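What follows is a single structure, written as structure tokens, with notes after it.
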Amino acid sequence: MERQRAGSPAHLDGWGGRAGARRLLRVASDRRGAPDSIVGLSATGDRDVVRSDATLIRALQGGSEEAAAELVRRHWPRSWRAAYAITGRRESAEDVVQDAFERALRGLDRFDQQRPFAPWLHRIVVNRAIDVLKSDRRDATALEEGMVGQEDTRQRERELMEALGQLSPERRGVVVMRYLLGYAPPEIATLLELEVGTVHSRLARGLKELRTILEDI
Amino acid sequence: MSRDRLERELERRLRELEPPEAFEQRLLAVSREWARGSARRPRRRRHRRAITLVAIGLALGGATAGAITVLDPFDDGLSVPAGDPVAEEIARSPLLVSAPWLRQPEGAQRIDAVGAQPSLIFPEGTSYRGALEALFASVVERGRLPARASIGKPLPAGVVWTEGGGDSPPALDLRAPWGYTVPGGRIRTPSYTLAGSLNPAQVSGIVQALEAGQPLGAPLPQGVRVDVPSLISCQLGGPDRMPCGLR
């Protein structure tokens, strides 16, 4: 990320999550009309040139380690949250996310760069997390050993994971795509190759199960 | 609790989940390794020469190992570095050279667009998981089909796995061992999970073994788990099987 002033790089969670409020000053377009870069103000007042995912991917394919690092920093936190919410295990979430990034990087040559990168990555993450959860022979509803004793584990996280643990893998996946990753049901249907009706059904039943548990908390 | 309130509460709690910052360094190491490899990859292929491979040809009418076929020495599918003693000793199966579940340069092919391929026959009692693990390991480690399996007749169109029983041994389809999507019919590539304990070189080695035909020439490292897809009934062999409806 280019900066007008020296300072520690801002870590972006998606588009501008952790960097706080950003104001768009100018958008420069490449030949295809997709924004190539956006200039905005960070919370510290630094002017940043934020390159689009498509730009980063092109640079990464050309061997840019900096572009690869930025792409990872931009997308891994939400991917990890999704993987953790589905698998219920931090170690499994790390494995899923690392594996998903490997698959995404391998598939970049055939990835249509006119399409957004995040949904494609999220589909890989969610599908992999569901596969891992299904193949995990340990009790999927049990919390990891040591989680209760960890000082930094918040009670709310425990309650959430206990609640999610009651859902089937498929319902967890759809709930996470809707309420964490923010996709609408038709988008979820496309990404997970499901019928829209199936998505709505899983969401409705998932919420019903979650309400029963969360209302008691 | 109203639905709106429940949804807001759920969104808030999910976004509060705190990812481990230390994990970022591991991911960055993997991505940088990939970027470096991405820059090197075109030059590596230009310097690579194919060697002549002699492999077992197959009669798709039902016979097992038959004629010997000399492959095109400049076939790009599984070229190996000239002068690499480990790679030169490895016999490659022609079934892997252009396997639709391994080679997808133009994206995933449809199962109903791929010509008939032989099946892979396993010893009695082999499970679908066992068959996939054996295939994965042999391809990644040695670039060949599993030694304990033999070549058999093609399975019925759309069948991925037959459990076996009676006179029929367990058999795995070599068009789509990891199955295909329904109703899209897209052939899946091998599905596996790599533990975070693997270093970037090990990860790259496995990826290159599967995608560029460069087997490890060594056992799989610890921390590699083969994922077994959930096949649906139309993908399993059996007397009452109905074909999958593809669109």
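Note that the structure is a prediction, hence the values are computed from the model and not measured. Order of the sequence lines fixes the chain letters, A, B, ..., with proteins taken first and strands second; residue numbering starts at 1 for each chain.
- Checking R202(A), K134(A), R205(A) one by one against E170(A), the salt bridge (Lys or Arg N to Asp or Glu O under 4.0 Å) holds for a single residue, K134(A).
- Checking each of E16(B), E9(B), E11(B) against R13(B) for a salt bridge (Lys or Arg N to Asp or Glu O under 4.0 Å) leaves exactly one that passes, namely E9(B).
- Heavy atoms of L108(A) lying under 4.5 Å from chain B are absent altogether.
- Both tests do not hold together for R148(B) against F122(B): distance to the six-membered ring centre under 6.0 Å, angle to the ring axis within 45°.
- Residues satisfying the side chain to side chain donor-acceptor pair (under 3.5 Å) test with R110(B), not counting sequence neighbours, are D112(B).
- Of all the listed residues (E193(A), K208(A), R156(A)), the one sharing the greatest number of non-hydrogen pairs under 4.5 Å with chain B is R156(A).
- Taking both residues in full, the closest heavy atoms of L17(B) and E157(A) are given as CD2-CG, 3.6 Å, listed atom of the first, atom of the second, then distance.
- Between the side chain of H122(A) and the main chain of A118(A), a donor-acceptor pair closer than 3.5 Å is present.
- Looking at Q98(A), the atoms closer than 4.5 Å to chain B (heavy atoms on both sides) sit in the backbone and in the side chain alike.
- When each of A82(A), A85(A), A67(A), A68(A) is checked for heavy-atom pairs under 4.5 Å with chain B, A68(A) comes out on top.
- A donor-acceptor pair is defined here as one N or O able to donate and one able to accept, closer than 3.5 Å; such a pair exists between the side chain of S138(B) and the backbone of A134(B).
- Interface residues of residues 176-185 of chain A toward chain B, defined by a heavy-atom distance below 4.5 Å and sorted by number: Y179(A), L180(A).
- Screening residues 177-217 of chain B for ring pair (Phe, Tyr, Trp, His ring centres under 6.0 Å) gives W101(B)-W178(B), F136(B)-Y192(B) as the qualifying pairs, with residues at least two apart or on separate chains.
- The ring of F23(B) has its center closer than 6.0 angstrom to the ring center of W76(A).
- With R175(B) contributing its side chain and Q117(B) its backbone, the two residues share no donor-acceptor pair below 3.5 Å.
- Without hydrogens or angle criteria, T87(A) side chain to A129(A) main chain gives no donor-acceptor distance under 3.5 Å.
- Inspection of non-hydrogen atoms places R225(B), D227(B), S230(B) of residues 221-238 of chain B under 4.5 Å from chain A.
- Between the side chain of R172(A) and the backbone N or O of I86(A), at least one donor-acceptor pair lies under 3.5 Å.
- Contacts with chain B were tallied for L164(A), V97(A), N127(A), L71(A); V97(A) has the most, counting heavy-atom pairs under 4.5 Å.
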